[in-house]
Amino acid sequence: MSIALISLASMARRTGLAACFAFAASSASAQTPTSLLDTIQSRGALQVCTTGDYKPFTLAKDGSFEGIDIELAKSLAKALGVEAKFVQTKWSDLLTDMGSGKCDVAMGGISVTLDRQKKVFFSSPYLVNGKAPIVRCADKAKFQTVADIDKPETRVIVNPGGTNERFVRANFKQAKIEVYPDNVTIFDQILAGKADIMIAESIEVKVQEKAKPGLCAVNPDEPLQYGEMGYMLPRGDATFKGFVDTWLHLAKATGEFGKIYDQFVR
């Protein structure tokens, strides 16, 4: 074989190898999905779904929102280098809104459950918070346990679509259950004598006890059910979940989380 032919063959091999490497790199890039982390930064905004009816986590007020998770949403947005945009939702619509892309994250006292975990990711839990009753103070002694509550004459009031309603329906088979649509004014129904008891998260009944004289939380530090709260994230996006978990860890480690919590609870 002539020197010219050998040179051409060598060049062809080099060219072929380069093409193979380029194809492999292109294929690898095509197979790597774009994370919501990149989309949010490109968009310049973090879309946060929140119900706005769950003090002290999220409360709609004068056209805006306030609460523990509202301030933490702003902190997460800052960490991403974007602004937080809040999208009001309902408890019954949380999973639908997450699945439709209406929001990047849902925040506002959301309980971690296995049923929800089938459809979404959750951040690392940020709060242990079980179910506890709240009643008129005069009735506190007679509503200590599930058995005490689950009697035909007991009127249990509940907000629709969330874990409060699921707990009530799973545990009370004799008590009268009334679904009340407004989670902000629902506690006033107990004070007015239109209901006897509500089951909610232990932190919420503590806050309502302070806010509404005449109502008493029942054993909030020994709740009827163990529970954890986390932030709802799109299913399958491990990169975005990793960022949120790291931000949450640092917010706790630096004391930022504690300061925000104390602002609305202490």
Side-chain angles (χ1 to χ4, degrees), residues 46-62 64-80 82-89 91 94 103-113 116 121-134 159 162-164 167 183-184 186-187 198-213 215-233 241-266:
L46 175 70
Q47 297 171 162
V48 184
C49 276
T50 193
T51 61
D53 65 354
Y54 195 3
K55 191 176 180 177
F57 298 100
T58 172
L59 184 65
K61 187 175 182 181
D62 300 328
S64 61
F65 296 90
E66 65 180 30
I68 295 169
D69 284 333
I70 300 305
E71 293 306 311
L72 286 167
K74 294 174 183 177
S75 170
L76 174 58
K78 183 178 179 181
L80 287 161
V82 301
E83 64 175 321
K85 289 190 175 180
F86 295 98
V87 180
Q88 188 153 15
T89 185
W91 290 104
L94 267 177
C103 42
D104 306 316
V105 57
M107 303 174 71
I110 301 171
S111 296
V112 177
T113 71
R116 286 171 172 169
F121 272 3
F122 275 99
S123 69
S124 298
Y126 67 92
L127 199 65
V128 173
N129 198 23
K131 301 294 183 188
I134 186 166
N159 58 308
T163 56
N164 291 343
F167 178 88
N183 202 39
V184 176
I186 194 168
F187 299 95
M198 180 180 174
I199 304 295
E201 304 297 341
S202 54
I203 185 173
E204 184 181 22
V205 297
K206 286 181 179 180
V207 168
Q208 293 297 334
E209 180 181 58
K210 291 180 181 178
K212 298 185 180 296
L215 290 184
C216 284
V218 181
N219 305 321
D221 295 323
E222 297 177 9
L224 300 175
Q225 179 196 54
Y226 176 83
E228 295 178 338
M229 288 183 169
Y231 300 130
M232 195 179 283
L233 306 167
K241 172 175 162 53
F243 183 90
V244 174
D245 284 345
T246 300
W247 157 78
L248 182 56
H249 167 74
L250 292 174
K252 286 189 169 185
T254 60
E256 181 184 17
F257 181 94
K259 289 178 182 177
I260 291 173
Y261 181 90
D262 289 346
Q263 179 183 344
F264 292 95
V265 177
R266 301 300 181 193

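On a predicted model such as this, the values are computed, not experimentally measured, just so you know.
Of all heavy-atom pairs between Asp69 and Gly109, the closest is OD2-N, 2.8 Å. Taking both residues in full, the closest heavy atoms of Trp247 and Ala79 are given as CD1-CB, 3.9 Å, listed atom of the first, atom of the second, then distance. Smallest separation of non-hydrogen atoms from Val112 and Gly230: CG2-N, 3.6 Å. When every heavy atom of Asp221 is checked against every heavy atom of Pro223, the shortest pair comes out as C-CD, 3.4 Å. When all heavy atoms are compared, the tightest approach of Lys241 to Phe122 is NZ-O, 2.8 Å. Minimum interatomic distance between Glu209 and Ile134 (heavy atoms only, all atoms of both residues): N-CD1, 4.1 Å.
Atom NZ of Lys55 sits in a sparse spot, with 12 or fewer heavy atoms from other residues, nucleotides or ligands closer than 6.0 Å. By the 6.0 Å contact criterion, NZ on Lys252 is enclosed, its count of non-hydrogen atoms from other residues, nucleotides or ligands being greater than 12. Within 6.0 Å of NZ on Lys212 lie more than 12 heavy atoms contributed by other residues, nucleotides or ligands.
Atom CG of residue Asn183 and atom CG of residue Leu59 lie 10.0 Å apart, to the nearest 0.5 angstrom. In this structure, OG1 on Thr50 lies 8.0 Å from CD on Gln88, to the nearest 0.5 angstrom. Note that the OH atom of Tyr231 and the CG atom of Leu248 stand 6.0 Å from one another [nearest 0.5 Å]. The CE atom of Met229 lies 4.0 Å from the CD atom of Glu201; values are rounded to the nearest 0.5 Å. Interatomic distance, Leu76 CG to Glu71 CD, rounded to the nearest 0.5 Å: 13.0 Å. Interatomic distance, Trp91 CH2 to Asn159 CG, rounded to the nearest 0.5 Å: 8.0 Å.
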One pair to check against side chain to side chain contact (heavy atoms under 4.5 Å, CB included): Val48 and Phe65. What are the steps and the verdict? CA-CA 11 Å; Val48 184; Phe65 296 90; over 6 Å; no
Run the numbers on Ile70 and Phe264 for side chain to side chain contact (heavy atoms under 4.5 Å, CB included), then give the verdict. CA-CA 11 Å; Ile70 300 305; Phe264 292 95; over 6 Å; no
Can you list the steps and then say if Ile110 with Tyr54 is a side chain to side chain contact (heavy atoms under 4.5 Å, CB included)? CA-CA 10 Å; Ile110 301 171; Tyr54 195 3; over 6 Å; no
Step by step, work out the side chain to side chain contact (heavy atoms under 4.5 Å, CB included) result for Lys131 and Thr163. CA-CA 9 Å; Lys131 301 294 183 188; Thr163 56; 2.7 Å; yes
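Under the side chain to side chain contact (heavy atoms under 4.5 Å, CB included) rule, Met107 has a single partner from Leu46, Thr51, Leu72, which is Leu72.
Under the 4.5 Å side-chain criterion, counting only non-hydrogen atoms from C-beta, Ser111 is in contact with Arg116. Annotation: side chain of Phe86 is not in contact with side chain of Thr58 (no heavy-atom distance under 4.5 Å). The side-chain heavy atoms of Phe243 and Leu80, taken from C-beta on, include a pair separated by under 4.5 Å. Contact annotation: the side chain of Val105 never approaches that of Val244 to less than 4.5 Å [non-hydrogen atoms, C-beta and beyond]. No side-chain heavy atom of Pro133 sits less than 4.5 Å from a side-chain heavy atom of Val205. In this structure, Asn164 and Met198 have side chains that are in contact, with non-hydrogen atoms separated by less than 4.5 Å.
Between the side chains of Ser124 and Asp245, a donor-acceptor pair is found at a separation under 3.5 Å.
By the side-chain contact (heavy atoms from CB on, under 4.5 Å) test, Lys85 pairs with Ala45, Glu83, sequence neighbours left out. The side chain to side chain donor-acceptor pair (under 3.5 Å) search around Glu256 returns Ser75, not counting sequence neighbours. Listed by chain and number, the residues in a side-chain contact (heavy atoms from CB on, under 4.5 Å) with Ser202 are Asn129, Ala132, Pro220 (sequence neighbours excluded).
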